[in-house]
Amino acid sequence: MPEIQRVLPKYMQIANYLRDQILRGDLRPGDEVPSERQIVADWSVARPTAARALEALRRQGFVESRQGPGSYVREGMRPNRLARERYSRARETGKIYPSNERAEIVAAGYSPAPEAAATALGIAVGADAVRRQRVIYADDHPVEISTAWYAHPIGELAPKLLVRERIRAGTLVYVEQSTGRQARYARDEMSARMATSEERDRLNLSDPSAVLLVRHVVYDGEDRPFEFTEAVYPPNRWAFEATYPVF
C-alpha cells in the first residue's frame with residue numbers, strides 16, 4: 001500500500017520558510033523577522049497561526065523576543081549554509097553568498113580523480129577531472145573547505161572552472177549555462193572524521209580536531225551525475241536543522 005504524503009501544518013510551513021531565510025543569510029543575527037501582522041497579510045492566515053509560527057521559531061532557537069514588539073534573529077547564531085540554501089539563494093538573487101560571507105578559490109585545474117569523486121561521477125579512479133577548491137569565510141573566519149569535482153569534458157565546456165577566480169552566480173549555474181544540462185536533484189551524505197593537517201591549517205583548528213564531512217552529488221534530469229563536492233566543516237559548526245512530518 002503506498003504511503004500517504006503528510007503535509008506540515010500551515011504555521012510550520014511559515015516557520016520553515018522564515019528559517020530558510022535565516023539559513024540562507026537573507027535574515028541575519030539581529031534582524032527583525034516579519035511581524036504577526038505581516039505574516040497574516042503575506043500568507044492569508046489567521047493571527048493565531050502567525051503567532052504560532054513565530055513561537056515555533058523561538059522554541060527552535062532561531063529567533064528571540066526583546067522588550068517591546070517584534071521578534072529578531074537570535075544574536076550569536078552561526079548557521080551553516082548547505083548546498084540547498086546556496087542554490088536557492090543563487091537562483092533568486094544571482095548571488096550565492098550573503099554579505100557577511102566570502103569565498104577564496106585556493107585551487108582550480110585538472111587533477112587525478114580520487115575514489116570518492118570517481119565513483120560519484122562514474123569515471124575511472126585516477127582519470128583527469130576538474131578539481132576546484134575554495135575556503136569559505138563568515139565574518140572573516142574560515143567555516144568551510146569545499147572541493148568540487150567535474151568530469152574532464154565539463155572543463156572543456158566550462159573553462160572558468162579551471163581559473164582561480166570567483167564565479168559570481170555560482171559554479172552550478174555557470175555549468176548549467178555552459179553545458180546545457182540542468183540540475184534536477186542532489187544527494188547529501190554526512191559523516192565525521194579527524195581533520196587532516198591541511199584542513200587544520202585552513203580552518204585554524206587544534207591538533208587533533210574532528211570535522212564534519214558532507215559529500216554532495218548533483219544529478220541532471222536524466223539521472224546523470226555531473227558535480228561531486230566534498231565539504232568539510234569545523235566542529236563548532238556541526239549543527240544542521242530540518243523539520244519534517246513524523247508518520
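Nothing here was measured: the structure is a model prediction, and the numbers come from that model.
A distance-only check finds no donor-acceptor pair linking the side chain of Thr119 to the backbone of Ala116 [under 3.5 Å]. Between the Asp31 side chain and the Arg28 main chain, a donor and an acceptor come within less than 3.5 Å of each other.
For the salt bridge (charged side-chain N to carboxylate O under 4.0 Å, His left out) test, no residue two or more places apart in sequence or in another chain qualifies with Arg164.
You'll find the side chain of Arg181 reaches within 4.5 Å of the side chain of Arg224, heavy atoms only. For the pair Leu57 and Val33, the minimum side-chain heavy-atom distance is 4.5 Å or more. Between Glu227 and Thr171, the closest side-chain pair of non-hydrogen atoms falls below 4.5 Å. Contact of the Ile14 side chain with the Ile39 side chain is registered, since non-hydrogen atoms from C-beta on lie closer than 4.5 Å. Inter-residue side-chain proximity for Met194 and Val211 is flagged as unmet; no heavy-atom pair is nearer than 4.5 Å. In this structure the side chain of Leu161 reaches within 4.5 angstrom of the side chain of Tyr150, judged on heavy atoms. Considering only heavy atoms from C-beta on, Thr229 stays 4.5 Å or farther from Val214 through its side chain. A heavy-atom distance below 4.5 Å is found between the side chains of Glu230 and Leu213.
Following chains of ILVMFWY side-chain contacts shorter than 4.5 Å, one cannot reach Val173 starting from Tyr185, and the two form parts of different hydrophobic clusters. Put simply, Ile105 and Leu203 are part of two different groups of oily side chains (I, L, V, M, F, W, Y) that touch within less than 4.5 Å, one to the next. The same ILVMFWY cluster, assembled from side-chain heavy atoms under 4.5 Å apart, contains both Leu54 and Val73. Linking ILVMFWY residues whenever their side-chain heavy atoms come closer than 4.5 Å, directly or via other members, places Val217 and Trp149 in the same cluster. Hydrophobic cluster membership differs between Val163 and Val130, with clusters built from Ile, Leu, Val, Met, Phe, Trp and Tyr side chains linked at under 4.5 angstrom.
Salt bridge status for Glu55 with Arg58: present, with a side-chain N to carboxylate O gap under 4.0 Å. Between Arg184 and Asp223 there is no salt bridge, since no side-chain nitrogen of the basic residue lies less than 4.0 Å from a carboxylate oxygen of the acidic one.
For the atom pair CD of Glu189 and CZ of Arg215, the computed distance is 7.5 Å after rounding to the nearest 0.5 Å. In this structure, the separation between CG on Leu157 and OH on Tyr174 is 9.0 Å, given to the nearest 0.5 Å. Residue Ser35 holds its OG atom at 8.5 Å from CG of Asp42, rounded to the nearest 0.5 Å. Atom CZ of Arg74 sits about 13.0 Å away from atom OG of Ser65, to the nearest 0.5 Å. Taken from CG in Asp207 to OG in Ser197, the straight-line distance is 8.5 Å, to the nearest 0.5 Å. The structure places CD1 of Ile167 at 10.0 Å from CD of Gln177, a figure rounded to the nearest 0.5 Å.
With no hydrogens or angles considered, a side-chain donor-acceptor pair links Tyr219 and Arg187 at under 3.5 Å. No donor-acceptor contact under 3.5 angstrom links the side chains of Glu101 and Tyr137, judged on distance only. Under 3.5 Å, the side chains of Arg132 and Thr147 contain no donor-acceptor pair of N or O atoms.
Considering every non-hydrogen atom in both Ala183 and Glu176, the closest pair reads N-OE2, 2.7 Å. The shortest heavy-atom contact between Asp128 and Pro112 is OD1-N, 4.3 Å. Here the closest non-hydrogen pair linking Ala210 and Pro235 is O-CD, 3.1 Å. Closest of all the heavy-atom pairs between Asp220 and Glu222 is OD1-N, 2.9 Å. Nearest heavy atom pair, residue Leu212 against residue Ser191, reads CD1-O, 3.3 Å.
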Before you tell me yes or no, could you show the steps for Val175 and Phe226 under side-chain contact (heavy atoms from CB on, under 4.5 Å), namely the whole-Å CA-CA distance, both residues' side-chain angles and the distance that decides it to 0.1 Å?
CA-CA 9 Å; Val175 170; Phe226 69 94; 3.9 Å; yes
Please evaluate residues Val106 and Arg202 with respect to the criterion side-chain contact (heavy atoms from CB on, under 4.5 Å), reporting the C-alpha separation (whole Å), side-chain torsions for both, the decisive distance (0.1 Å), and the verdict.
CA-CA 10 Å; Val106 296; Arg202 291 198 183 280; 3.7 Å; yes
side-chain contact (heavy atoms from CB on, under 4.5 Å) between Ile145 and Glu199, intermediate numbers included
CA-CA 8 Å; Ile145 302 171; Glu199 290 164 352; 3.9 Å; yes
Pair His152, Tyr110 - check ring-ring contact (aromatic ring centres under 6.0 Å, His included), show working.
CA-CA 8 Å; His152 193 287; Tyr110 288 111; 4.2 Å; yes
Would you sort out whether Glu104 and Ile136 count as a side-chain contact (heavy atoms from CB on, under 4.5 Å), showing the intermediate values?
CA-CA 6 Å; Glu104 176 187 351; Ile136 298 170; over 6 Å; no
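Within a 6.0 Å radius of CZ in Arg200, other residues, nucleotides and ligands contribute more than 12 heavy atoms. Residue-environment remark: CZ (Arg37) stays at or below the threshold of 12 foreign heavy atoms within 6.0 Å.
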